[in-house]
Amino acid sequence: MALTPSSVAYLRQEDAPRLPPPASMTGLQGWLRQNLFPSIGSSLVTILFGALALWVLSSIFDFAFLRAVWSGADRQACLGENSGACWPMVAAKMGQWVYGFYPIDQRWRVNVCFVAGAALLAPMLIPSAPYKNWNVALLFLAFPLVTLVLLTGGNFNFDLATYALVISLMLLAAVIVPLAAFGLEEGIACNKAGLGLAGAAVGLWFASFLTGPLQTTIGGTSNSLISILTGLLLLGSGALSIGTAVRRAPRGGFVAAAGWAVGLAGILLAMLLLDFDFGLLPVETPQWGGLTVTLVVSITGIVVSLPVGIVLALGRRSRMPIVRMLSVIYIEIIRGVPLITVLFMSSVMLPLFLPPGTSFDKLLRALIGVAMFSSAYMAEVVRGGLQSIPKGQYEGAMAVGLSFWQMMNKIVLPQALKVSIPNIVGNFISLFKDTTLLLIIGLFDLLGILQASLRDSAWATASSAPTGYLTVALMYWVFCFGMSRYSIYTERRLHTGHKR
Amino acid sequence: MAQAAVQSPAENEIAIQISAMNKWYGEFHVLRDINLTVYKGERIVICGPSGSGKSTLIRCINRLEEHQKGDIVVDGIPLTNDLKKIDEVRREVGMVFQHFNLFPHLTVLENCTLAPIWVRKLPKKDADELAMKLLTRVKIPEQALKYPGQLSGGQQQRVAIARALCMNPKLMLFDEPTSALDPEMIKEVLEVMVDLAQSGMTMLCVTHEMGFARQVANRVIFMDQGQIVEQNAPAEFFSNPKSERTRLFLSQILH
């Protein structure tokens, strides 16, 4: 039964008309049918969960509004047989939840920080707002300083040893200058002497802990031989690193060295500012608490962890074995340990590395612990993003002549970070909520201060706890939901319809 | 021997000098004893079976791949581990890839102006002007503000050519520029490459487009198993291949 050509041949005579989709696909009816009632099983689930949602929402509404107590001076108001949320308690306690035990007549200082932060953050988040450079400088340089002075009262009274410590650390940091100027690999290769001296100085500093009582600061002013030697080594290392950078490449090296000098000057200037007596009443950090502490800790953690995480992620992908090993060790040690342990370590062990005279604030130690912890997680998130960038992007960037850092800044990191936005913001959100663990080392964040205030007998009623938890949950939710929505907005904004 | 095949290029000025070059991937000897002199203005087509090392060879010329033995001198600059020299070479050598390697987060115009602004330190206005001129040359100025993901493959490859040209390179490397394209888009890319060849650009092109080789090449190089097996002027190469391996290869791709 052979097919003749005529039996398979076909020729369309006219185009089929283009029709609108059928009614079941459009409009409210179509939407309902597609999403809520596509089959009998789905309809049952819809009805079941709809009823459940209605029941939960109506219970909350009933508790928070219908049966709620709206006014009163103390617990008597909320003792009614069937009374719901005790709102007067919230009104009375809100100050404490926000400011902790901050002196009431000084609360304006916290408020100034809140308002300034919001005023600087809002234009930062709006992509089309002008003067982004000034905005960044104010938000990330001026604002933290002003906040520090306002919240603590300033007038730090640094001693000479602290200045020496900071200058020593900056000299140590000078080894980064050639790295920034010529890229990781080349920067290490051309500055072996500087790196060696820096390594020797750090080794000597650590060795000083083994040999005697903790008398030595890194390059400090104590007269011990070791500390003078450390200081000299650091001076040599810094001079070599900066010299190498300036001598080897007139373009990148000079800029990086100038950046380092500006950084040193800026830090010394900031220290002088913190040293200055503005006549503000000093408020010790144990008096801080509530939302203020939550925000201070989480924002510091967020701002520090992203850049440090990026550096760690790049380090872990470096071809230099030592850089890679150090990054891996840091990341894996921190990630292998619960946050509570890191907090304990930072509050117990960190002081061992410091000279006895320096009192090291508990909140500051917690801040360092949280920042170290979240940096390790951030590093892995960023590394995931970096891994999603195909080799061709690196090759394309190299082929047009971009340097290592130009390639990273202009091509690789923008794409890698964009891919990582959901995870980065996820980390931010969990960090924000993890601040609650500060309770363990005796700091009162928002949740901690709530629990403390629930013990107040003046407001002890059956509905106080639910009301308080509901309110605080709402406060957490507002911040976290805000971050989540902003991340979705950013993802959409950066979407360029590419498949690559 | 190479000189014999070269007639048209000007004054025998040397653009690339590769001598006794060898490269290994671990134990595997990918490029064996490569000797090649490219003169300014020459258009060279490199062909050969898959895995013969042709892409690796041209990627050594701008140091996307490192060679272990022998010398490569590009435009008078010897390629060593010295990063500065590598940067200098990359500034003078444009490259077009099989998979375009455009930057998807930047617009077409930004793709073109990125390197002129950051590497050549051109003011943005001048870079924009230059980029628009070259996008016009590859016939897609109207796409300047779109993102690469919104363009067809042929358009993307033409943007990639314009991006390379924006650095005003002295020579251009093409690594199978049409292999990832749908058939109807190959022609528009080849047209741009022919136009470029006619303008006197020094070009090294790894391709299987034998029509292109016949039309514009001064020299065709056949590679197999990491070696240069045969090179000749295209007419002679196609009509009278000397080596058995070349004959076999040509019989397989020309039907």
Can you tell me if CZ on A:R485 sees more than 12 non-hydrogen neighbours from other groups inside 6.0 Å? no
Exam field: side chain B:N101 to backbone A:G392, donor-acceptor pair closer than 3.5 Å: yes
Heavy atoms of other groups near B:I14 CD1, more than 12 under 6.0 Å: yes
Are there more than 12 heavy atoms of other residues, nucleotides or ligands under 6.0 Å from atom CH2 of B:W24? yes
Should we say atom CZ of A:R493 is surrounded by more than 12 heavy atoms from elsewhere, each under 6.0 Å from it? yes
Of B:V96, B:L83, B:T107, B:V89, the largest count of non-hydrogen pairs under 4.5 angstrom with chain A goes to B:L83
To the nearest 0.5 Å, tell me how far A:I411 CD1 sits from B:L106 CG. 5.5 Å
NZ (B:K85) with more than 12 external heavy atoms under 6.0 Å: no
With a cut-off of 6.0 Å (strictly less than), are more than 12 heavy atoms of other residues, nucleotides or ligands near OH of B:Y25? yes
Look at the side chain of A:Q406 and the backbone N and O of B:W118, then say whether any donor-acceptor pair between them is shorter than 3.5 Å. yes
Determine whether more than 12 heavy atoms belonging to other residues, nucleotides or ligands lie under 6.0 Å from atom NZ of B:K187. no
A:A397 versus chain B, the contacting section by heavy-atom distance below 4.5 Å: both
Flag side-chain contact, heavy atom, 4.5 Å: A:P390 against B:H99: no
Decide side chain to side chain contact (heavy atoms under 4.5 Å, CB included) for B:R63 and A:M398; before the verdict, give the C-alpha distance in whole Å, the side-chain angles of both, and the deciding distance to 0.1 Å. CA-CA 9 Å; B:R63 197 74 170 183; A:M398 285 192 274; over 6 Å; no
Atom group of B:F97 that falls short of 4.5 Å from chain A, counting heavy atoms: side chain
Looking at NZ of A:K410 and CZ of B:F103, how far apart are the two atoms once the value is rounded to the nearest 0.5 Å? 12.0 Å
Non-hydrogen atoms of A:A399 and B:M95 that approach each other most closely: CB-CB, 4.0 Å
How many angstroms lie between atom NE2 of B:H105 and atom NE2 of A:H495, to the nearest 0.5 angstrom? 15.0 Å
Can you tell me how far NZ of B:K84 sits from OG of A:S403, rounded to the nearest 0.5 angstrom? 13.5 Å
Any side-chain heavy atom of A:V400 sitting closer than 4.5 Å to one from B:R163? yes
How about B:R59 and A:E395: do any of their side-chain heavy atoms sit closer than 4.5 Å? yes
Can you say whether B:R120 sits under 4.5 Å from chain A via the side chain, the backbone, both, or neither, judging by heavy atoms? neither
